[in-house]
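Residue numbering restarts at 1 for every chain, and letters A, B, ... go by the order of the sequence lines. Computed from a predicted model, the values in this text were never measured in an experiment.
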Amino acid sequence: MIIFSVLAVFGLAFLAPPLCRLTKEKSGWWLAILPLALTVYFLSLLPGLARGQIQSISYLWSQELGLTFAFRADGLSLAFALLISGIGALVAVYAGGYFGTKVPIGRFYLWLFFFMASMLGVVFADHLILLFIFWELTSLSSFMLIGFEHDREEARAAAIQALLVTGSGGLVMLAGFVLLGQVGQTWELSTLFLRGEGVRASPLYLAIVILILIGAFTKSAQFPFHFWLPNAMQAPTPVSTYLHAATMVKAGVYLLARLSPVLGGSPIWLWAVGGIGAVTMVLGGVLALSQTDMKRLLAYSTISALGSLVMAIGIGSETALKAMVLFLLAHGLYKGTLFLVTGSVDHECGTRDVRELGGLGRLMPYTALGSTLAALSMAGVPLFFGFLAKEYLYEASYKAGALWLILAVLGALLNVWIALRVGIAPFWLAGSKEAELPKKPHEAPWSMTVGPLILGGLSLGLGAYPQILSSVLVSPALSAMAGKAVEVKLKAWHGINDILLLSLLTLGLGVVAFAIRNDLQRIAEQWTVPWGLDTLYRRSIDGLFRLASFQTRLLQHGYLRYYLITIVVAVVGITAGGLIRWGGGALPHLSLDLRFYELGIAIIIVLAGGMAILSRSRLGAVAALGVAGYGVASIYLLFGAPDLAMTQFLIESLTVILFVLAFYHLPNFAQLTPRRERLRDVIIAIVTGCLMTIFVFVASGIQIHPSISQFFVENALPLAHGRNIVNVILVDFRGLDTLGEITVLAIAGLGVFALLKLRIDQRSARAGKTTQTGRKGGDQ
Amino acid sequence: MTSLILRTMVRLLLPLLLLFSVFLLLRGHNEPGGGFVGGLMAATGFALFSIAFGSSTARRILQIDPLVLIGVGLLLALSSGLMTLLLEQPFLTGVWYKLSLGALGKLELGTPLFFDIGVYLTVWGVTLTIIFALEEVG
Amino acid sequence: MNRYLILPILIPLLTAVLCLLLFRKPKLQRWIGVSGAGVLLVVALWLLLLVRNQGIQAVQIGNWPAPFGITLVADLFSAILIVLAGVLGLAVAVYSLESVDSQRQSFGYYPLMHFLLMGVCGAFLTGDLFNLYVWFEVMLMASFVLLALGGERGQMEGAIKYVTLNLLSSAIFLAALGLLYGLAGTLNMADLARKFASSASAPSNAIVTALSMLFLGAFGIKAAIFPLFFWLPASYHTPPVAVTALFSGLLTKVGVYSLIRVFTLIFIQDLDYTHTLLLVIAGLTMITGVLGAVAQNEMRRLLSFHIISQIGYPLMGLGIFTAWGLAAAVYFIFHVSLAKSTLFLISGVVGRLRGTFDLKKLGGLYKGQGWLATLFLVAALSLAGLPPSSGFFAKLSLVQAGLVQGQFAIVAVSLGVSLLTLFSMIKIWNEAFWKQTSELKEESEGEISLQKDWSWLAPILFLVAVILLISFGIGPVFQIAAQAGQQLMSPQLYIQAVLGGGR
Amino acid sequence: MEIVLPVVIGSLYAMAIYMLLRRSLVKLLIGLGLLSHASNLLIFTAAGLTRSKAPVIPLAADQLRPPHADPLPQALILTAIVISFGVTAFALALAYRAYRSVNTDDLDQMKTTDA
């Protein structure tokens, strides 16, 4: 069933475009049916889960690669799956109202559901590589969704940035997964859980942790990779809500939680995961101080919240993990609401600048209600879900050490501030310049208020009655992370204690901070460093382009002779390297048997070659080349190869004829290269020549094995019925060579014919369908 | 180029060279020679002829398009191998027949001979194609 | 059955010869050309099944026993590549129907294409090194003519570099062959392997290793490895796109095939030197190629540089030198040829729609051409190695192979390069598909429809379908690749198939 | 001759490489011609020289008695010669055509197709 839930959503994705054409403006409602049904289905699994029934299924995919379609739905998976399908359904409805019918909404839903399916795949996969596959698919769909309004350059740039950051993290993580699979002897997560001990003892443990953390951190926007998330706010608001607040950015958190039984529990884990999480938590809040755009404010608060989640996993105590699960759900609910509200406000007022907005409570009552509930939860007001989550987070940090607690309070404080600024102020504080809003605001359509209301309501309801979650969801999720059965009891009210006082103090300080928001903003703006990580990213992209074009100009410069020099030097180099390793060995015995006419021919060949080089006229050079060829033919004749000699003589004559025919049209030589270059070329040529000379000495002197030729000599007459053994080899023993060879000739003939006769008529080709041919080269 | 002497010489030379080329082809299996040399020799004859009389005259004398000559040559070489494939032998296996020519002795005919003729025709055709094409661009 | 091993060579030859005989009837040639390619694909699949079920197959041409005659050998690696040639041949033959102009078609386009396929198949099948040289020449000569056919200035300039550098490669190959024959007295690859293995002594090993470097140079030029690749970016974008697609899928692959063949079978005397060198070259090839691609703004040039970069990956598998690494290399070659040819074919459609290949001038294709965008996305992401595409599995298996052997550096390079590959694919997507453009509106031909332009789109659909098949069918597909890898690592199987057991 | 020929081959290679490195297209072609002479002679020499009779079985005899030249490299060279003839012819046509479209013999002027 789980596997079908994933597949069904993929199916829905591909069906979305035609369905949208069918259902027109109502498509959001129709398309939400499946995710809603899945939510109900996932809820129906919870009672069984509480009894310890875990659904799992596995099909073999590739034996050799060790791939299986293994899916498993335990508490942790279902906690995430509920967020994915539940919020997904609401976002689908919301998007219908948000976009209307102006945009190609079918494509939007295609990628939205593609994302939903991939995300479900991530949380249900019980196999590291399968998880990775879905993980990358979420990156891809995120790319398509951030760039949905692709006519805008900023949207495209943000999409590319998000993909490159998460993609590079993913690649690093893949290496980590492969290593983990090698150390743990399996990629199946449920089996890996049992081998945590062995993995942690392995020498590769540190490498594995670092590689996997980089992947998780890029995805979940942890410092120092956080910068892509605020930029990703170029996405339409439903996308920001769904991917960049509620679900996708939590994939990294999910992965860390999932692997904590295997990798967690070591000091490295505590300091790397907890430390980075804490830094991110505070940094996200601080960076938000200077922002005035609602979405960017929320984005930074999301970074901060993701930091808290990661920190909790790093601390890793039972309380910390409990806090993580609660915070995860609470954050999904309130942040989802606030993003949707932001979208509605933007939609109705035409701006998202918190300085311009105000007094919307009367004009958009339902939106305001949802927003207020969510903001209170985010601020951690008692009886709200967010309060509960914060309580546990404080408790866990308190137990872990004073430093953690201070950081946790600081992070929470900043989030109170953001909650007030985004969720409360625009609605309930008087707007300074209400009349100047780009649009006259009124309440958003029903499809856009249902989401905030439901999610806001849940923020209150689950906070007031957390008991309904404790045994069915939180306990199983915790058990999954702890690797053993854990029983959890949740209460909305813990009585008055230190932690509660700390919470109240946080709230109070947050309100104070809000009161002096303008001063804070000024200070924060002064802090802003001129070069952030975002700038670094841009610089490195620029640098990459510069390096690339520098390298290409260096290598692919267009001068044929330098290509030739490079190749000759490279080949001579590696070959000489090999010869030097050989070191001379047993030098062959040299015979000094030499006859004067042979020497004469040799000298003629070399002299003719020299003539060909030095000759100032084309015809002289060709004639010299021909003489050299005749010389070679004479050598064949002297050493028992009449067939060769005959062929060489004929071919040489024909070649000279061809040269003459062609050269008739070609220009005379000109001395084009300066002396220094010629000297360099001479050196290269001589070195190459020496190498070949040595090689021929060696090969003609050393014979590791005798030749196979005796077979031909013995069998030519009796079996192949021929006395000219060379000819018999050509037409019989090695007839296939000859077949290939006459084919080469045939092609050459065809080629010369076509090359000289065919002239593509440029105009008719251009006017016709062919615009294929090299324009740049062809036009001049 | 088109001196009278050359023309007269070539007119005499062409049949001789053609004859000699066939001779080279046929004796190739037993003595130096063979399809390559034969084909080249035949082509040289026509090359000289076409230099003397122009390629259009040479084409007219030849009657057959050299491109088709290439195709025929390849097909002949190919089919001498294909035959054996039909006889359930590997490609290009030599098959020989002995013909008795009475007093002249006996003649051995084999698929390699057909193969060599294919080579001859291809080489001839290719060389002519190249030479005609080079001549005709001028 | 073995005697039919010759068919992948004969069918293209026969097709080409028929086309030559019908030289004045280009219309007829088109259909002969397409059917010939179809038959080749069928035969290739048959061959793959045969080898998969019955192990390595060999046939002695002319019925002369090895090592004296020429042996054709089909192991799984060869058979897989022949299937690749069949698939690409058919796709390109159909794509050429309309996209290659009638002037080129009436000057021998189809016979040349089949001569090329013949050379490629011959190179994949032959078990004899000199015969390999001959097939190389067949393939090269056909590619020379295809590249230059049309005679436009750009083509001429590209062709001169292409021809010169490839002739240099042939000369090196020929010299290496002569020296090898002088040393070992034989040219049959299995015989060479056996003789070198039996006479393993330090000095002879060393001289053989030195000689192997000449082969590395010769095959390396054809494979377009660093620093021997210059001919490729200079020329590949100049002929019609159909030709480029065929070249990109097959030509460099023949070079890689030959490298893998000789460096698993014959030259395994000094792994420390040869295979370490191969790894270094692999890394440098990947990096320089991908950086070249990043610098480009012309779609076909960008794709051409990727060919180079992607050649590094199979070399990496060879350098790792385990059955796993070679299996990954085999799978990679198959995958990358498909992906790259598909991308070139798509670039042809883009060029037709917009009249340019310049990314700066292109735009708006996502809005107008949703289907084309989808097809591009599949092929591009496959090339970039995004899961669950074939490219991902290829990369995954290579990374696994590398990490098992502790080759961390090359794994890191390969992952970094695949990020840059993604980057440049995204660049095409961004510029050609997402960006809106006001230019060139009037030159564009508007919609492209499957009914009207099936010969343009059907081959792309076909290739994308094959990509999806080898992606989702990774189980059985990689099983074959793994067997191929094992065969490559067990030269005795090859030697026995060729030399053992008589005829 | 075993000493002289390797030197001849080396010189041919050196001269060929030098010619390939010129800027003139025509010189490049001559370089390619020299390269093929060098390669062919290399095969011939590396296989071992025999100053003796051709590998042809005399009409009167049933078999060839040593010493005789090795027939296999001869067959290989023959193939190589013919192939290089085809290649040379094509290269000539290419050079002619390139000269016609670029209007120069200078290879340095032919670099518009590179990056």
**Q.** Contact class of L755(A) relative to chain D, heavy atoms under 4.5 angstrom
**A.** both
**Q.** Residue list, side chain to side chain donor-acceptor pair (under 3.5 Å) with N103(D), at least two apart or on another chain
**A.** none
Q: Have a look at L72(D) and tell me which of F711(A), F712(A), F733(A) forms a side chain to side chain contact (heavy atoms under 4.5 Å, CB included) with it.
A: F712(A)
Q. By a 4.5 Å heavy-atom criterion (distance strictly below it), what part of I708(A) contacts chain D: side chain, backbone, both, or neither?
A. side chain
**Q.** Least distance between heavy atoms, P642(A) atom then A54(D) atom
**A.** CD-CB, 3.3 Å
**Q.** Partner chain A: residue of L78(D), I17(D), L29(D) with the largest heavy-atom pair count (under 4.5 Å)
**A.** L78(D)
Q | Heavy-atom closest contact (M15(D) atom, G610(A) atom, distance) | A | SD-N, 3.4 Å
(Q) Suppose the criterion is salt bridge (Lys or Arg N to Asp or Glu O under 4.0 Å): which pairs have a residue in residues 723-748 of chain A, not counting sequence neighbours? (A) R734(A)-D737(A), R734(A)-D128(C)
Q: Sort out for me which of P6(D), G10(D), S84(D) touches chain A most, counting heavy-atom pairs under 4.5 Å.
A: P6(D)
Q) Can you check whether R618(A) reaches K27(D) side chain to side chain, under 4.5 Å on heavy atoms? A) no
Q: Name the member of L59(D), D62(D), T104(D), N40(D) that forms the most heavy-atom pairs with chain A at distances under 4.5 Å.
A: L59(D)
Q.
Let's test your reading of the structure: which of L64(D), V56(D), L42(D), L12(D) forms the most heavy-atom pairs below 4.5 Å with chain A?
A. V56(D)
Q) So which of V682(A), L638(A), V568(A) has the largest heavy-atom pair count under 4.5 angstrom toward chain D? A) V682(A)
Q) For R561(A) and L107(D), what are the C-alpha separation, side-chain angles and deciding distance, and is it a side chain to side chain contact (heavy atoms under 4.5 Å, CB included)? A) CA-CA 8 Å; R561(A) 53 213 165 93; L107(D) 286 164; over 6 Å; no
Q. Can you say whether E714(A) sits under 4.5 Å from chain D via the side chain, the backbone, both, or neither, judging by heavy atoms?
A. neither
